[in-house]
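As structure tokens, the structure follows; a few thoughts come after it.
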Amino acid sequence: MLVLGIETSCDETAVGIVEDQFTLRANVIASQVELHAPYGGVVPEVAARAHLELLLPTIDHALVQAGAGLSDIDAIAVTAGPGLVGALLVGVSGAKGLALAQDVPLLGVNHLRAHIEAAQLEYGELTPPLIALVVSGGHTSIVVMDEDGLCRQLGGTIDDAAGEAFDKIARFIGLGYPGGPEIDKLARQGDPTAFAFPRAMMQGDGYDMSLSGLKTAVIRQLRKMEAAGEEPNLADIAASFQDAIVDVQLDKTLRACAAEGLDQVVLAGGVAANSRLRERFAEQTEINGQRLIVPSIPLCTDNGAMVAASGANLLAAGSFVGLDLAVDPNLPLAGAAASFG
Ligand code: KG4
Ligand code: ZN
């Protein structure tokens, strides 16, 4: 069974093709980074227009990569939320047209759940219960995926998402967009102990977190140094900032594992591409004897393969949607498997 997945929730027009739920056949991304870079962030109208232009060529490209024709596709999966409404509408409309024309089932995918399920393309079937840390440009949450496959949110950011914090600090110190990979690169030359930036809400046993105070502390530090005529070492700033974010994610996620009695952790979303986050989780889960599931970098940042994988799971469960599928810009992760179909 071949499932074609379409992802247009933000600034990547992406199409993936997955065979029999677990085998990646194609993963093509038409990035819009250059279009948005001059604005230092994603411009929703620009994203929607670009999706419109890029969607059909990206589908064609994915079919070529998979060595398949449209008539070989058994179902069409598409991200229905969360994301930018105009951007989502382009993908969902395209998917409906394809499903109708090819007379195949349509599958409505939750973007956040798809980030988690991307891992099945490299690790095989996920075996819940497990803890997942979902960290992206718009979302930061710690969830339990229970034995029934449904997700239950334990906590999340109460202000900035982790990726948003990376992007904002990168912009402030004059790095390009998206900022996460730039900070990651710069931080490798810096000392993570150079500045003691705050780790908010580390006390207590809750799983919520706050990242905007950290951002303010970094900006305040830079302004203070500027006023004193000191030249900041930006690599040290980047490394210290990055470690503060990683510390919070690591502490809260592994504490959730202990409290829930679970020993499998999935890292998901664009920020899971961060080299320091990956390294620290690898070290600590090894010490704790936990199983770390972390997809390779192209499957962490937004991609179509994860949508195809998640769609293939819905297909296997018989969870189809009709041509009246609506987009939901605020679609929650909790209960996602049951939210469509
Ligand atoms: O999951 P994603 O591709 O899109 C959303 O669903 O939001 O995540 C994008 C976010 C951006 O904020 C980007 O800066 C961040 O992931 N990101 C990173 C890295 N690569 C991407 N953050 C830190 N380190 C990275 N290496
Ligand atoms: Zn994403």
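Note that this is a predicted model, so its numbers are computed, not measured. We count ligands from 1, going down the list as the structure has it; atoms in each ligand are counted the same way.
- Annotation: side chain of Leu299 is not in contact with side chain of Met306 (no heavy-atom distance under 4.5 Å).
- Residue Gln242 places no heavy atom under 4.0 Å from ligand 1.
- For atom 9 (C) of ligand 1, the nearest non-hydrogen atom of the protein is Gly137 N, 3.7 Å.
- If you check the side chains of Glu125 and Thr127, you find no donor sitting under 3.5 Å from an acceptor.
- Within the coordination shell of the Zn ion (ligand 2), defined by N, O or S atoms under 2.8 Å, His139 is absent.
- Among protein heavy atoms, atom 3 (O) of ligand 1 sits closest to Asp302 N, 2.9 Å.
- Of the candidates Cys300, Gly180, Gly270, it is Gly270 that places a heavy atom closest to atom 21 (C) of ligand 1.
- Side chains of Val307 and His111 form no contact here, defined as non-hydrogen atoms less than 4.5 Å apart.
- Between Phe195 and Phe197, the ring planes lie parallel to each other; the angle is under 30°, not in the 30° to 60° tilted range.
- A salt bridge is absent between Glu45 and Arg49: the closest approach of a Lys/Arg side-chain nitrogen to an acidic carboxylate oxygen does not fall below 4.0 angstrom.
- For ligand 1 and Ala273, the ligand atoms under 4.0 Å from any heavy atom of the residue are 20 (N), 26 (N).
- The nearest pair of heavy atoms linking Leu214 to Ala244 is CD1-CB, 3.7 Å.
- Counting atoms of ligand 1 from 1 in the listed order, those under 4.0 Å from a heavy atom of His111 are 6 (O).
- With respect to Asp184 and Arg188, a salt bridge is recorded, a charged nitrogen being found less than 4.0 Å from a carboxylate O.
- Note: Phe241 and Phe166 meet the aromatic proximity criterion, with ring centroids under 6.0 Å apart.
- A salt bridge links Arg276 and Glu279; the closest N-O separation between the charged side-chain nitrogens and carboxylate oxygens is under 4.0 Å.
- Counting only distance, with no hydrogens or angles, the side chain of Asp167 and the backbone of Gly179 share a donor-acceptor pair below 3.5 Å.
- Put simply, the side chain of Thr301 does not reach to within 4.5 Å of the side chain of Ile29, judged on heavy atoms.
- Nearest protein heavy-atom contact of atom 26 (N) of ligand 1 is Asp184 OD2, 2.9 Å.
- Taking distance alone, with nitrogen or oxygen atoms compared against 3.5 Å, Thr301 stays at or beyond that limit from ligand 1.
- With a 4.0 Å heavy-atom cut-off, ligand 1 is reached by no atom of His139.
- Below 3.5 Å of separation, one finds an N or O of Asp167 facing an N or O of ligand 1.
- Considering both main-chain and side-chain atoms, Gly163 comes within under 3.5 Å of ligand 1 through a nitrogen or oxygen pair.
- The contact set between ligand 1 and Pro178, taken as ligand atoms under 4.0 Å from a residue heavy atom, comprises 14 (O).
- Because the distance cut-off is set at 2.8 Å, Cys10 fails to qualify as a neighbour of the Zn ion (ligand 2), as none of its N, O or S atoms comes that close.
- Glu12 does not count as a contact of ligand 1, since none of its heavy atoms falls under 4.0 Å from the ligand.
- Within the structure, ligand 1 has Gly138 among the residues with a heavy atom less than 4.0 angstrom away.
- The backbone N or O of Val42 lies less than 3.5 Å from no partner atom in the side chain of Asp11, so there is not a single donor-acceptor pair.
- For the Zn ion (ligand 2), the nearest N, O or S atom contributed by Asp302 is named OD1.
- Closest to atom 24 (N) of ligand 1, if we only count protein heavy atoms, is Asn274 ND2, 3.0 Å.
- With ligand atoms numbered from 1 in the order given, ligand 1 contributes 1 (O), 6 (O) to contacts under 4.0 Å with heavy atoms of His115.
- When NE2 of His111 and NE2 of His115 are joined through the Zn ion (ligand 2), the resulting angle is 90° to the nearest 10°.
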